[in-house]
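What follows is one structure encoded as structure tokens, with my remarks underneath.
Quick note: numbers below take in every heavy atom, side chains included, and nothing from hydrogens, waters or symmetry partners.
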Amino acid sequence: MAPLAPVARLHNLNIISYADDTQLILSVTKDPLTAKSNLHEGMKAVAEWMRNSKLKLNSDKTEVLILGTNPSAWDNSSWLTVLGAAPTPTNQAHNLGVILNLTLSMTKQVSAISSSCFNTLRMLRKIYRWIPTDTRRTVTQALVSSKLDYGNALYAGAPAKLLKRLQRIQNASACLILDAHRHSHITLLLRDLHWLPVNKRITFKLLTHAHKALHNTGPAYLNRRLTFYTPSRQLCSADPALATVPHICRMTTGGRSFSHLAAKTWNTLPLPLRQTKDLLTFRKRLKTWLFEQ
């Protein structure tokens, strides 16, 4: 699939790939007509490349998601396509197991995770009375906690009501592992398991990505989003290892962007933690710091 990227970029399309999952990305803010033309020509080139490579473009798995303040500006009547019927923009799309909707609110994703995790917990409850605590913990972490942690940096900045739904899953998991009543003091149960609450687990993942981006050890598309702050003139009182927080126009969308929220959260860390360069040491110290908050 590697030769596919240059084919897409020839038509001003950005491309992100993971194994055989490929996404084409373009901006339509300035000139929608040109963007549609680029998409059409790009899709033609992609389809031609796939035919020459003895591959088939699966139209059933091709989804179009339009993000922005005015999705209706994309007029379906001017769609040109090589996929047969004109693709209808969808209200949500799947991206490597994560459901993204038009507003990126993560509502659908949280609903899907909640349903899946509680179904798993109900099945596990039937057999846990015969399983020791250590085994319960291992199985629950593999089947439930892994779903909570997968892509959880995307929940950063999400409304509190969504995070409460995820916290209920963790609370139920802790009660099931320790065979505790559902009205037990959940903070003590989480400490016994050495689990961070959901909101702090999200912060942990966000700051881990921030550390990688600031030290250029993460993916290139994230490394470009964060830089260390460099003052215009050196001051003795200048606080080092701060990240540059970009200006945003909209708090509801821009405030949750990685470049803004990760930098803003990074700057709240104590100086010794921000100056830790080794990732493994940083993660250990960060978890300890979050437990103390």
- Query: Parallel, tilted or perpendicular: which fits the ring planes of His194 and Phe291, with parallel below 30° and perpendicular above 60°?
  - Reply: parallel
- So CG of Leu290 and CD1 of Ile202: to nearest 0.5 Å the spacing works out to 12.0 Å
- Item | Candidate list Thr276, Leu207, Thr281, test side-chain contact (heavy atoms from CB on, under 4.5 Å), partner Leu286, passing option | Leu207
- Are there more than 12 heavy atoms of other residues, nucleotides or ligands under 6.0 Å from atom CZ of Arg225? no
- Message: Closer than 3.5 angstrom, by distance alone: can the side chain of Trp266 be matched with the main-chain N or O of Ala241 as a donor-acceptor pair?
- Response: yes
- Message: Using a 3.5 Å distance criterion without hydrogens, assess whether the side chain of Arg136 forms a donor-acceptor pair with backbone atoms of Ile131.
- Response: yes
- side-chain contact (heavy atoms from CB on, under 4.5 Å) with Gln23: of Asn95, Asn14, Leu65, Leu13, only one passes, and it is Asn95
- Task: Locate the shortest heavy-atom distance separating Ser105 from Leu162; write the atom from each residue and the value.
- Result: O-CD1, 3.2 Å
- Message: Please check this pair: side chain of Asn223 against backbone of Gly218, looking for a donor-acceptor N/O pair closer than 3.5 Å.
- Response: yes
- Check: Asn267 side chain, Leu242 main-chain N or O, donor-acceptor pair, under 3.5 Å: no
- Message: Would you compute the distance between atom CZ of Arg137 and atom CG of Leu193 and round it to the nearest 0.5 angstrom?
- Response: 5.0 Å
- Carboxylate-amine/guanidinium contact Asp149 Lys205, below 4.0 Å: no
- Item | Any Val139 side-chain heavy atom under 4.5 Å of Tyr128 side chain | yes
- Message: Please tell me whether Ser111 and Arg165 have a donor and an acceptor in their side chains that are separated by less than 3.5 angstrom.
- Response: yes
- With sequence neighbours excluded, what pairs up with Lys200 under the side chain to side chain donor-acceptor pair (under 3.5 Å) test? none
- Message: Under a 3.5 Å distance rule, please check whether Glu41 uses its side chain to pair with a backbone N or O of His11 as donor and acceptor.
- Response: no
- Determine yes or no for a side-chain-to-main-chain donor-acceptor pair under 3.5 angstrom, with Gln293 supplying the side chain and Trp289 the backbone. yes
- Query: For Met1, which of Leu55, Ile15, Asp21 qualifies under side-chain contact (heavy atoms from CB on, under 4.5 Å)?
  - Reply: Leu55
- Query: Does the Ser146 side chain pair with the main chain of Ala142, one donor and one acceptor, at a distance under 3.5 Å?
  - Reply: yes
- Message: Any donor-acceptor pair under 3.5 Å linking the side-chain atoms of Arg122 with those of Asn119?
- Response: yes
- Message: Nearest 0.5 angstrom please: Thr135 OG1 to Ile177 CD1, how far?
- Response: 11.0 Å
- Keeping the roles fixed (side chain from Arg285, backbone from Leu273), state whether a donor-acceptor pair exists under 3.5 Å. no
- Task: Considering non-hydrogen atoms only, spot the tightest contact between His209 and Ala153 and give its length.
- Result: CD2-CB, 3.9 Å
- Item | Flag, side chain of Gln109 to backbone of Leu104, donor-acceptor distance under 3.5 Å | no
- Task: State whether the side chain of His260 and the backbone N or O of Val245 hold a donor-acceptor pair below 3.5 Å, judged by distance alone.
- Result: no
- Thr120 vs Thr140 side-chain heavy atoms within contact, under 4.5 Å: no
- Task: Evaluate whether atom CG of Asp134 has more than 12 neighbouring non-hydrogen atoms of other residues, nucleotides or ligands under 6.0 angstrom away.
- Result: no
